[in-house]
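Structure first, then comments.
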Amino acid sequence: MPFDHNDHYHRLLLRHVPRNCGAALDVGCGTGRFARRLAGLGIEVDAIDPSADAVAEAHALSESAGGARSPRFRQADVTDVELAKGHYDFISCLASIHHMSFDVVAALRDALAPGGVLVILGCYPEKSRLDWAWSLAAVPVNAVARLAVAAVDMNRSAASAGRGRVRAPVTPPTMPLHDIRREAAVLLPGCSIRRLLFWRYLLVFRTSA
């Protein structure tokens, strides 16, 4: 599918990067597009993903893109990594939190520096009538977006079209949005969660300065 739902929300997520952000962690970075955008802001970025193929592609794409600063990509499962407490000013998880137990957010919370921000662009399954209503609303918009992006892709050179073919493994979400809200209220008190189009939700949690 040419239209990437996660990429569509990059600008929204970047709005939550705190001022003077020095260190960031991107969990489930895939081929690294969002991590590179963070690094482009002058931030020191650690980016991890359990897929060796995705991390190799992330390295290759970063080398071809050049730039003064590149993320530090590493193959790792965040549930097996001991994160330094109070270290990161910004932590992002794009469509990756449903690949693991939700309570991993406690470790991410503890890894935030004072005034740090955790953003989760998450996926959820349709369970309620409201879920299905949002899903139905997204279908025609998604179709138009796919056609528009496909038209742009047709104009790309053959070299550009050959890049980015590796994709991180996909796992369907199983945790309903109302359960996510309930658990987040306990593990991330004071966080905000709002439903987004394209089968996503946005969770934002800020630590006290």
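The shown structure was predicted, so the numbers you read here are calculated from the model rather than taken from an experiment. Starting from 1, each residue takes its place in the sequence as its number.
- Between the Arg69 side chain and the Gly42 main chain, a donor and an acceptor come within less than 3.5 Å of each other.
- By the neighbour-count criterion of 12 heavy atoms within 6.0 Å, atom CZ of Arg36 is densely surrounded, having more than that number from other residues, nucleotides or ligands.
- Here Leu25 contributes atom CG and Asp89 contributes atom CG; the two are 11.5 Å apart, rounded to the nearest 0.5 Å.
- Summarising the geometry of Phe90 relative to Leu13, their closest heavy-atom pair is CZ-O, 4.0 Å, with the distance given to 0.1 Å.
- Within the model, atoms CD of Glu44 and OG of Ser70 stand 10.5 Å from one another, a figure rounded to the nearest 0.5 Å.
- Leu188 contributes atom CG, which lies 6.5 Å from atom CZ of Arg109 (distance to the nearest 0.5 angstrom).
- Cys123 pairs in a side-chain contact (heavy atoms from CB on, under 4.5 Å) with only one of the listed residues (Pro173, Ser96, Pro172), which is Pro173.
- Side-chain atoms of Asp53 and Ser51 include no donor-acceptor pair closer than 3.5 Å.
- Heavy atoms only, all atoms of each residue included: Ala184 and Ile193 are closest at CB-CD1, 3.8 Å.
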Audit row: Leu12, Leu121, side chain to side chain contact (heavy atoms under 4.5 Å, CB included) steps and yes/no: CA-CA 10 Å; Leu12 173 62; Leu121 182 67; 5.9 Å; no
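- The shortest side-chain heavy-atom distance between Ile180 and Ile97 does not fall under the 4.5 Å cut-off.
- Ala39 and Val45 make their closest contact through N-CG2, 3.6 Å (heavy atoms, listed as atom of the first residue, atom of the second, distance).
- When all heavy atoms of Ala58 and Gly32 are compared, the closest pair comes out as CB-N, 4.1 Å.
- For the atom pair SG (Cys21) and CG (Leu41), the distance works out to 8.5 Å, reported to the nearest 0.5 Å.
- Within a 6.0 Å radius of CZ in Arg74, no more than 12 heavy atoms belonging to other residues, nucleotides or ligands are found.
- The cluster map of Ile, Leu, Val, Met, Phe, Trp and Tyr, joined by side-chain heavy atoms under 4.5 Å apart, puts Val119 and Tyr88 in the same cluster.
- For residues 177-186, every residue pair satisfying the salt bridge (Lys or Arg N to Asp or Glu O under 4.0 Å) rule, not counting sequence neighbours, is listed here: Asp179-Arg182.
- Looking at residues two or more places apart in sequence or on another chain, you find a side-chain hydrogen bond (donor to acceptor under 3.5 Å, both in side chains) between Ser92 and Asp26.
- Residues Val141 and Trp132 are members of separate hydrophobic clusters, defined by side-chain heavy-atom contacts under 4.5 angstrom among Ile, Leu, Val, Met, Phe, Trp and Tyr.
- Heavy atoms only, all atoms of each residue included: Asp49 and Gly30 are closest at OD2-N, 2.8 Å.
- With sequence neighbours left out, Tyr9 forms a side-chain hydrogen bond (donor to acceptor under 3.5 Å, both in side chains) with no residue at all.
- Applying the side-chain hydrogen bond (donor to acceptor under 3.5 Å, both in side chains) test to Asp110 and every residue at least two apart in sequence or in another chain returns nothing.
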Which pairs of donor and acceptor atoms, one on a side chain in residues 197-209, lie under 3.5 Å apart (sequence neighbours left out)?
from, atom 1, to, atom 2, distance (Å)
Trp199, NE1, Glu126, OE2, 3.2
Trp199, NE1, Ser135, OG, 2.8
Arg200, NE, Asn6, OD1, 3.0
Arg200, NH1, Phe198, O, 3.3
Arg200, NH2, Asn6, OD1, 3.2
Arg206, NH2, His16, ND1, 3.2
Thr207, OG1, Ala113, O, 2.8
Thr207, OG1, Gly115, N, 2.9
Thr207, OG1, Gly116, N, 2.9
Thr207, OG1, Gly116, O, 3.4

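- Residues Leu38 and Leu118 are members of one and the same hydrophobic cluster, defined by side-chain heavy-atom contacts under 4.5 angstrom among Ile, Leu, Val, Met, Phe, Trp and Tyr.
- Residues satisfying the side-chain hydrogen bond (donor to acceptor under 3.5 Å, both in side chains) test with His98, not counting sequence neighbours, are none.
- Follow the hydrophobic side-chain contacts under 4.5 Å out from Leu177 and you reach Leu196 in the same cluster.
- Within a 6.0 Å radius of CG in Asn20, other residues, nucleotides and ligands contribute 12 heavy atoms or fewer.
- A 4.5 Å side-chain heavy-atom check between Phe34 and Leu14 finds at least one atom pair inside the cut-off.
- Proximity of Ser62 to Pro71: side-chain heavy atoms (C-beta onward) are separated by under 4.5 Å at one or more points.
- Two different hydrophobic clusters hold Val55 and Leu94 under the rule that ILVMFWY side chains link at heavy-atom gaps under 4.5 Å.
- Taken from CG in Leu83 to CD1 in Ile48, the straight-line distance is 6.5 Å, to the nearest 0.5 Å.
- Put simply, CG on Asp7 and CZ on Arg37 are 8.5 Å apart, with the number rounded to the nearest 0.5 Å.
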